[in-house]
Amino acid sequence: MSPAELFGDGEHAALAPVLRELGPATLALLRRGATQQTALRGDAVTSTRHSTAGSALETVGPGARRHTFTGACSAAALHRLAEAAQGSGAAAAPEAAGREALDAGDELPAEVAAALPRLAGQLADRMLSGGHPGLVPLINADATRTRIAVLRADGTLATDDRLYLELRVGARIAGAPATARGLRIVSATSLELLLKGDRHLAAADEVVRAALARTDAVDPPEGELPVVLGPAGPAALLHEVCGHGLEADVACAPGGAYQDLLGRRVASPLVTVVDDPGMPSWAPLYRVDDEGRAAGPTPLIDRGVLAGYLADGEVSRRTGHPATGNGRRLDHAHPALSRMSCTYLAAGQAPPEEALAGIRRGLYVRSVVTGETDMSGGEFTADVTESFLVENGRITAPVRSATLHGSGTDVLRRIDVVCDDLDFLAYGYHCNKQGQFPLKVSVGQPTVRIRALGVTGA
């Protein structure tokens, strides 16, 4: 079943006039999803499956948007929501969201469902083949398929069929310090792309090396230090530093760090930041957002100058900033919010070794997995799970867990080297906003140097 067929033959045409009666900004959503999660722990491989389905109606009344939903996924269910809204002007009582049986069209591709347990075992075998004492593989292989159909009051029907494949390849060393572990994430939108060039096997090899190296990790340096962020995953720091602050509802709120700064310099001239749900090409997030708007790149910072905000339809109506195709929701039971998709710092021209040059003592960051920010783009902290000392321009000893902290606006201005090795961490970062968690986001960047950033032990 294609996403368009969620409405059935011609049923969206019959529903559109009903939506128009509720107002020109009304939209109706049908959403179905299927997930398979496979985990390898010890010698056991387990797989679980679940599905979600439902309908939602969003209307715009005086001063507020109304979101009503039901666990039934059909045009008939949307008609019932619309009738309730017409009859009382109040929010319709939602039916239980629940889980329902998948039909054949909702199932994950058979080759994907079969491949996940096999890949988990293959990766574990690869990691154990070196005979390293105490090495414990930690493998998760997940696949999620989501189909949406969004009907707007003008009769426009937008659909999307999203397939996310993700391998979380981890390891720890039994009997060693808790920091003696490693993690790599390999993601794609098809099996062919997931396995292209044996990326998953290269990740397994890297994880083993990382876990073994960190058995002898040293304490992190502390204070205001030069920090070099490696390509791809460390862009999670960028997500925390400025991502939420550039969502229009946050930016336009009182106290927003980027309020009324469009067209003004907010970062180093080396910094260009873009949000694009179509990136990276091997693992895009969506073609249309959860309000039915076409996805595309949104320039946020252009050579240091604030160029735009991310906005969903409701925030666009309130603030006057254009909707950017960033209306995202956790599921049908939640309203769309202005959310990041794939946020990345564009490549520069410097070779990676230039980022290390001249640093007497600093920190090289390989992985950032969690962080917290005050949402406005002000103060933040970010937890580093894999990093190394930089001494006299060279990467040396592995470092135990460290925490980065500072002001988002200061960090952007202190970037003094941007390299040419842009890479992405796709699907690997989970974002929270107003309780809608976990929402998959992607991040990307080349190697970047921040001339001074706060570092403490975790």
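Quick caveat, the model's predicted, so the values are computed rather than measured. Below, all heavy atoms of this structure are taken into account, side chains as well, without hydrogens, waters or symmetry copies.
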Exercise. Does the side-chain contact (heavy atoms from CB on, under 4.5 Å) test come out yes or no for Cys431 and Val441, once each step is laid out?
Worked result: CA-CA 7 Å; Cys431 181; Val441 296; 4.0 Å; yes
Test your reading of the model: is there a side-chain donor-acceptor pair from [X] to the backbone of [Y], 3.5 Å cut-off?
X: Gln259; Y: Cys252; result: yes
X: Asp289; Y: Gly292; result: yes
X: Ser367; Y: Thr385; result: no
X: Tyr258; Y: Gly308; result: no
X: Glu386; Y: Leu183; result: no
X: Arg360; Y: Gly393; result: no
X: Glu166; Y: Gly428; result: no
X: Arg184; Y: Ala202; result: no

Problem set entry | Residue among Arg162, Arg31, Arg147 satisfying salt bridge (Lys or Arg N to Asp or Glu O under 4.0 Å) with Asp290 |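 Only one option passes, and that is Arg162.
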For this session: Report the residue from Arg318, Lys433, Arg65 that forms a salt bridge (Lys or Arg N to Asp or Glu O under 4.0 Å) with Asp312.
Result: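 Passing option: Arg65.
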For this session: Starting from the C-alpha separation in whole Å, work towards a yes-or-no answer on salt bridge (charged side-chain N to carboxylate O under 4.0 Å, His left out) for Asp161 and Arg145.
Result: CA-CA 7 Å; Asp161 195 339; Arg145 183 189 182 195; 2.8 Å; yes
For this session: Might you point out which heavy atoms bring Ala34 and Leu108 nearest each other, and give the distance in Å?
Result: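 For Ala34 and Leu108, the tightest heavy-atom pair comes out as O-CD2, 3.9 Å.
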For this session: Heavy atoms only: give me the nearest Pro446-Ala347 pair and the separation to one decimal.
Result: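 Shortest heavy-atom separation between Pro446 and Ala347 comes out as CG-CA, 3.9 Å.
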Problem set entry | Qualifying residues under ring-ring contact (aromatic ring centres under 6.0 Å, His included), relative to His334, sequence neighbours excluded |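 With sequence neighbours excluded, His334 shows a ring-ring contact (aromatic ring centres under 6.0 Å, His included) to no residue whatsoever.
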Exercise. Which one of Val390, Leu237, Val455 satisfies the side chain to side chain contact (heavy atoms under 4.5 Å, CB included) criterion with Val227?
Worked result: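 That would be Val455; it is the only one of Val390, Leu237, Val455 passing the side chain to side chain contact (heavy atoms under 4.5 Å, CB included) with Val227.
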For this session: Please work out which of the three classes, parallel, tilted or perpendicular, describes the rings of Tyr427 and Tyr164, given edges at 30° and 60°.
Result: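 Judged by the thresholds at 30° and 60°, the geometry between Tyr164 and Tyr427 is tilted.
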Exercise. Under a 4.5 Å cut-off applied to non-hydrogen side-chain atoms, are His321 and Leu262 in contact?
Worked result: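 Side-chain contact under 4.5 Å: yes.
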Exercise. Got Val241 and Leu412 here, is their nearest side-chain heavy-atom distance under 4.5 Å?
Worked result: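 Side-chain contact under 4.5 Å: yes.
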Problem set entry | Pair His239 and Tyr429, ring centroids less than 6.0 Å apart |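 Here the rings of Tyr429 and His239 have centres that are less than 6.0 Å from each other.
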For this session: Identify which one of Arg168, Gln37, Arg41 satisfies the side chain to side chain donor-acceptor pair (under 3.5 Å) criterion when paired with Asn140.
Result: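 It is Arg41, the one option of Arg168, Gln37, Arg41 that forms the side chain to side chain donor-acceptor pair (under 3.5 Å) with Asn140.
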